[in-house]
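Report on the structure given below.
Residue numbering restarts at 1 for every chain, and letters A, B, ... go by the order of the sequence lines. Just so we're clear, the structure is a prediction, and the values are computed from it rather than from any experiment.
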There are 2 protein chains.
Amino acid sequence: MSRAGAIKPESDHILDRPMGDTDGIDFEIIELLFFAYRDFISDPDAILDTSGFGRAHHRVVHFVNREPGLTVAALLDTLKITKQSLARVLKQLIDSGYIAQVAGPEDRRQRRLFPTERGRELALALARPQSCRIANAMEGLGEDGRTAVKAFLSGMINPATRGAADDREDTIEGHKQ
Amino acid sequence: MSRAGAIKPESDHILDRPMGDTDGIDFEIIELLFFAYRDFISDPDAILDTSGFGRAHHRVVHFVNREPGLTVAALLDTLKITKQSLARVLKQLIDSGYIAQVAGPEDRRQRRLFPTERGRELALALARPQSCRIANAMEGLGEDGRTAVKAFLSGMINPATRGAADDREDTIEGHKQ
DNA sequence: AATTTATGTCAACATAGCTGACATATTCGA
DNA sequence: TCGAATATGTCAGCTATGTTGACATAAATT
């Protein structure tokens with residue numbers, strides 16, 4: 001091992017003061033979000049390890065179960081990934097019998113995605129520990145506290161995405177089903 | 001293209017009902033967390049694309065700036081990744097002059113990590129848009145609402161991690177610096 | 001002096017994203 | 001009706017970031 005560079009501590013303008021609440025930046029909540037999400041994701045990850053699937057599969061199974069019959073295009077839009085990226089995990093989920101494709105009733109080019117019973121079970125199994133973790137974290141909060149949390153999370157989301165759930169009903173821009 | 005399987009819609013027990021609030025699971029907040037974090041991360045991602053760095057670099061720069069002088073072991077513990085994984089990005093950050101290593105004053109085996117001015121600037125630049133997004137999402141909330149949000153996020157974190165920040169001061173278990 | 005610890009490094013591998021190019025089936029518009 | 005646009009699939013290759021296993025070195029500890 002060479003260890004080059006470890007010899008001269010006083011070159012190169014080293015800073016030894018912690019990056020605190022300078023510039024009015026709240027680093028604490030930035031870190032809270034990082035750790036919270038990391039642990040939030042770790043629950044389903046543990047289950048997925050057993051099944052041989054990954055996070056990518058989790059997301060697909062989740063949204064297909066939340067909105068059965070959604071098109072591939074709509075799913076791509078929700079996940080914000082490329083179709084090549086989706087193709088890999090989707091194929092595995094279909095081949096394993098978690099998701100089924102059906103040609104669109106109006107537009108037969110579409111492949112509408114539906115969960116099988118097996119897929120539904122998986123989605124529920126993955127959501128359950130996350131729901132528990134959330135319920136646990138909500139425990140101390142009152143009704144208004146919970147409302148605040150939801151409002152906060154909602155406010156963190158880009159406007160374009162924020163209305164996505166509504167697009168399932170009425171479709172104004174793009175991707176009409 | 002073969003399109004096998006798209007032909008028979010009625011086989012395989014397809015479910016067409018959305019996975020709603022069955023089992024008392026709050027899917028809405030699960031999705032809020034997913035979208036919130038995705039967009040929260042997208043801000044620094046855009047900046048990093050310019051610098052040729054990725055999310056992994058972001059995390060390292062962040063925590064080194066938050067706690068200058070932390071050891072490699074402590075950083076590994078925070079990030080929960082392997083040293084081989086860290087080595088790649090850390091080397092790049094050191095070679096590019098964002099982070100400097102200094103041999104530990106007491107234990108000279110340690111390589112304590114410090115930000116350079118350049119590293120500090122990067123960390124701040126990455127934190128700024130995230131802070132803005134948070135401030136924006138907090139806007140409507142009162143003081144108690146903000147407290148609720150922090151309590152919620154804190155409650156989402158695994159106990160082991162939750163006290164990590166305190167370990168910086170007094171060190172009880174493992175990794176004493 | 002022997003062992004443990006903190007760190008670095010090499011090699012190989014997996015997952016999950018990306019781009020670019022091209023194929024096929026279907027729908028739509030002139 | 002024909003050509004263009006659309007929805008989807010697929011091949012090939014690349015990148016980023018994680019993993020495991022094995023081994024090296026310097027310093028501390030016993």
Rounded to whole Å, the CD-P distance (A:Q110 to D:dG9) equals 11 Å

Measure all distances between protein nitrogen or oxygen atoms and nitrogen or oxygen atoms of nucleotides 28-30 of chain D, and list the pairs falling under 3.5 Å.
unit_1: D:dA28; atom_1: OP1; unit_2: B:E106; atom_2: O; d: 3.4
unit_1: D:dA28; atom_1: OP1; unit_2: B:R108; atom_2: N; d: 3.3

Return yes if some donor-acceptor pair links the side-chain N/O of A:S96 with the main-chain N/O of A:L93 below 3.5 Å, else return no.
-> no

Is there a donor-acceptor pair closer than 3.5 Å between any side-chain N or O of B:S131 and the backbone N or O of B:A127?
-> no

Short heteroatom pairs, N/O only, protein and nucleotides 15-18 of chain C, under 3.5 Å:
unit_1: C:dA16; atom_1: OP1; unit_2: A:R55; atom_2: N; d: 2.9
unit_1: C:dG17; atom_1: OP1; unit_2: A:R59; atom_2: NH1; d: 2.9
unit_1: C:dG17; atom_1: N7; unit_2: A:R88; atom_2: NH2; d: 2.4
unit_1: C:dG17; atom_1: O6; unit_2: A:R88; atom_2: NH1; d: 3.4
unit_1: C:dG17; atom_1: O6; unit_2: A:R88; atom_2: NH2; d: 3.4
unit_1: C:dC18; atom_1: OP2; unit_2: A:T82; atom_2: N; d: 2.7
unit_1: C:dC18; atom_1: OP2; unit_2: A:T82; atom_2: OG1; d: 3.0

Which residue, B:L90 or A:G104, contacts DNA chain C at a nucleotide closer to its 5' end, judged by nearest heavy atom?
-> B:L90

A:D16 side, atom CG; B:E67 side, atom CD - distance, nearest 0.5 Å = 13.0 Å

Go through A:R146 and B:D26 one step at a time and tell me if the salt bridge (Lys or Arg N to Asp or Glu O under 4.0 Å) criterion holds.
-> CA-CA 12 Å; A:R146 294 166 196 233; B:D26 189 347; over 6 Å; no

Could you label the plane-to-plane angle of the B:F53 and B:Y98 rings as parallel, tilted or perpendicular, counting under 30° as parallel and over 60° as perpendicular?
-> perpendicular

Hey, mind stepping through B:R112 and B:D107 against salt bridge (Lys or Arg N to Asp or Glu O under 4.0 Å) and telling me if it holds?
-> CA-CA 10 Å; B:R112 305 189 86 109; B:D107 187 336; over 6 Å; no

Of all the heavy-atom pairs spanning A:H58 and A:Q130, show the shortest one and how long it is.
-> CE1-OE1, 3.8 Å

Kindly state whether the ring of A:F34 and the ring of B:F40 have centres lying under 6.0 angstrom apart.
-> no

Atom CZ of A:R38 and atom C1' of D:dT17: how far apart are they, to the nearest Å?
-> 16 Å

Applying side-chain hydrogen bond (donor to acceptor under 3.5 Å, both in side chains), run through B:R38 and A:T161 and close with a yes or a no.
-> CA-CA 11 Å; B:R38 189 194 59 184; A:T161 313; 3.1 Å; yes

Could you check how far CD of B:Q101 sits from C1' of D:dA27, rounded to whole Å?
-> 16 Å

Length of the NZ-P vector between B:K91 and D:dT17, whole Å = 16 Å

Cluster check A:L15, B:L75: I/L/V/M/F/W/Y, side chain < 4.5 angstrom | no

Rounded to whole Å, the CD1-C1' distance (A:I94 to D:dT8) equals 11 Å

Separation of atom CG in B:D49 from atom C1' in D:dT17, rounded to whole Å = 15 Å

Heavy atom of residues 39-48 of chain B under 4.0 Å from DNA chain D: which residues?
-> none

Could you walk me through whether B:N65 and A:R17 pass the side-chain hydrogen bond (donor to acceptor under 3.5 Å, both in side chains) test, one step at a time?
-> CA-CA 8 Å; B:N65 271 278; A:R17 299 305 306 157; over 6 Å; no

When rounded to whole Å, the CG to P distance for the pair A:L76 and D:dT8 reads 8 Å

